[in-house]
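Shown next, in structure tokens, is the structure this report addresses.
Only this structure's heavy atoms are used, side chains among them; waters, hydrogens and symmetry mates stay out.
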Amino acid sequence: MGIVRKFILTICIIVFVVSAGVLAHYYWNGAKEQNALKSLGEMKTDREDMKTDQGTVIGKYVDLYLANNDIIGWVSIEDTKIDYPVMQTRQDNEYYLKRGFDKSKTSSGTPFMDAASDIFIPTDNFLIYGHHMNNGTMFHDLVKYDDYEFYQEHDIIKFDTIYKGGQGTYQVLAAGYSQIYPEGSSEFQYYQYAGITTEAQFYEYLNGVKALSAYETGVSAEYGDQLITLSTCAYHVDNGRFFVVAKRIDAKKMKPQ
């Protein structure tokens, strides 16, 4: 009996050590990836604007653009860890799902804008995806908007395109849970509205996210307002998602120059 107990104890210790090692590696790797992204913030320095075929890159984003011209913007929410570059690759929509800013493979990826959203038209909604990392990085803090008090203290989202004329302050108007539905489902699917270009689509989307919102914000929007939607995974159901929608309040939508 003693031998059996020792054997079981040995197995338990091995399992514990292996699990602890895997967990430690996960958090170490996550911290490494987070530090790499933080260092990108230091690249936002005062420089002269730079003209490109797409538009005029604002001086503070020039070094980032030269390092990787897939960058199209920067998103941040005060007092959270959300302070990241936003990428976009139209030929491969999910390229940055598992890639860092330097294009190396990472588990946390880099926030990216849906290929159907266009900052140059611009489309009425900018849909941006980010991972919900268990170590608290990427869009992990987004699900905190499920709490009304958190929303009240963090009702502003900053999103700048890197191009002149695209800097903006956005006020949250809805936040809530959803999920990825099977093809053909009649349920409202917010993630299908990345490329809004008509008034009918705009109000269909606005009404849909308002209906899904965890609470009433008292904030609405009208056609002509620029919307931004941040989206991440949620674990309340299989293929769960959490979204936050905000409207630009410092000006009507402006086309980057």
Side-chain angles (χ1 to χ4, degrees), residues 27-115 117-120 122 126-133 135-142 154 156-170 226 228-232 244 246 248 250 254-257:
Y27 279 98
W28 176 84
N29 196 51
K32 180 181 177 182
E33 294 172 2
Q34 178 71 5
N35 288 335
L37 282 167
K38 278 186 177 180
S39 68
L40 296 176
E42 299 173 1
M43 295 177 66
K44 293 190 290 184
T45 56
D46 291 333
R47 288 193 52 167
E48 290 186 5
D49 296 348
M50 183 179 74
K51 291 186 177 180
T52 70
D53 291 339
Q54 292 181 301
T56 300
V57 177
I58 297 171
K60 71 175 180 178
Y61 294 115
V62 167
D63 287 338
L64 287 163
Y65 176 83
L66 292 174
N68 186 344
N69 62 11
D70 286 339
I71 184 174
I72 53 93
W74 194 282
V75 63
S76 62
I77 302 175
E78 192 173 354
D79 296 326
T80 73
K81 289 186 178 180
I82 298 175
D83 188 18
Y84 300 114
V86 177
M87 318 301 285
Q88 188 175 52
T89 45
R90 297 188 183 281
Q91 294 75 27
D92 183 358
N93 191 33
E94 297 185 348
Y95 181 82
Y96 285 95
L97 186 67
K98 293 291 183 180
R99 292 182 185 273
F101 181 84
D102 62 358
K103 300 185 179 182
S104 64
K105 290 187 177 181
T106 68
S107 59
S108 59
T110 310
F112 64 95
M113 185 177 289
D114 194 290
S117 294
D118 193 324
I119 65 172
F120 295 103
F126 297 149
L127 178 54
I128 300 173
Y129 305 101
H131 281 299
H132 179 176
M133 301 300 291
N135 61 10
T137 60
M138 291 298 135
F139 280 6
H140 174 277
D141 286 344
L142 208 63
H154 302 83
I156 296 299
I157 296 173
K158 292 285 292 183
F159 175 66
D160 293 347
T161 74
I162 65 170
Y163 299 97
K164 192 172 182 180
Q167 294 65 59
T169 300
Y170 294 75
Q226 179 66 59
I228 185 172
T229 301
L230 305 185
S231 174
T232 194
V244 176
R248 185 170 178 166
D250 54 347
M254 296 168 60
K255 185 176 180 179
Q257 303 168 1

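Ring geometry, F139 versus Y84: the interplanar angle falls from 30° to 60°, so the pair is classed tilted.
Expressed to the nearest 0.5 Å, how far CD1 of I162 lies from CD of Q167 amounts to 10.0 Å. Atom CD1 of I119 sits about 4.5 Å away from atom OG1 of T161, to the nearest 0.5 Å. The CZ atom of F126 lies 9.5 Å from the CD atom of Q88; values are rounded to the nearest 0.5 Å. To the nearest 0.5 Å, the span separating CG on N135 from OG on S108 amounts to 7.5 Å. Here M138 contributes atom CE and S107 contributes atom OG; the two are 9.0 Å apart, rounded to the nearest 0.5 Å. One distance of note links CE of M87 with CE of M113; it measures 12.0 Å at 0.5 Å rounding.
In this structure the side chain of V57 never reaches within 4.5 angstrom of the side chain of E48, judged on heavy atoms. Within the 4.5 Å cutoff, the side chain of F159 has heavy atoms near those of the I128 side chain. Within the 4.5 Å cutoff, the side chain of I157 has heavy atoms near those of the V75 side chain. M50 places none of its side-chain heavy atoms less than 4.5 Å from the side chain of I58.
Annotation: cation-pi pair K44/W74 present, NZ/CZ under 6.0 Å from the ring centroid and within 45° of its normal.
In this model, a donor atom of one side chain and an acceptor atom of the other lie less than 3.5 Å apart for K158 and T169. In summary, the side chains of D160 and Y61 do present a donor paired with an acceptor at a separation below 3.5 Å, with no hydrogens or angles considered.
Under a 3.5 Å cut-off, the side chain of N68 and the backbone N or O of D102 do not form any donor-acceptor pair.
Salt-bridge annotation for D250 and R248: present, with a side-chain N of the basic residue lying under 4.0 Å from a carboxylate O of the acidic one.
Across all their heavy atoms, T110 and P85 have their closest contact at CG2-O, 4.0 Å. Counting all heavy atoms, side chain and backbone alike, Y170 lies closest to A246 at CB-CB, 3.7 Å. Nearest approach of G130 to T232, heavy atoms of both residues: O-OG1, 2.7 Å.
Shown here is D46, whose CG atom has no more than 12 heavy atoms of other residues, nucleotides or ligands within 6.0 Å.
Two rings, from Y96 and Y129, have their centers 6.0 Å or more apart.
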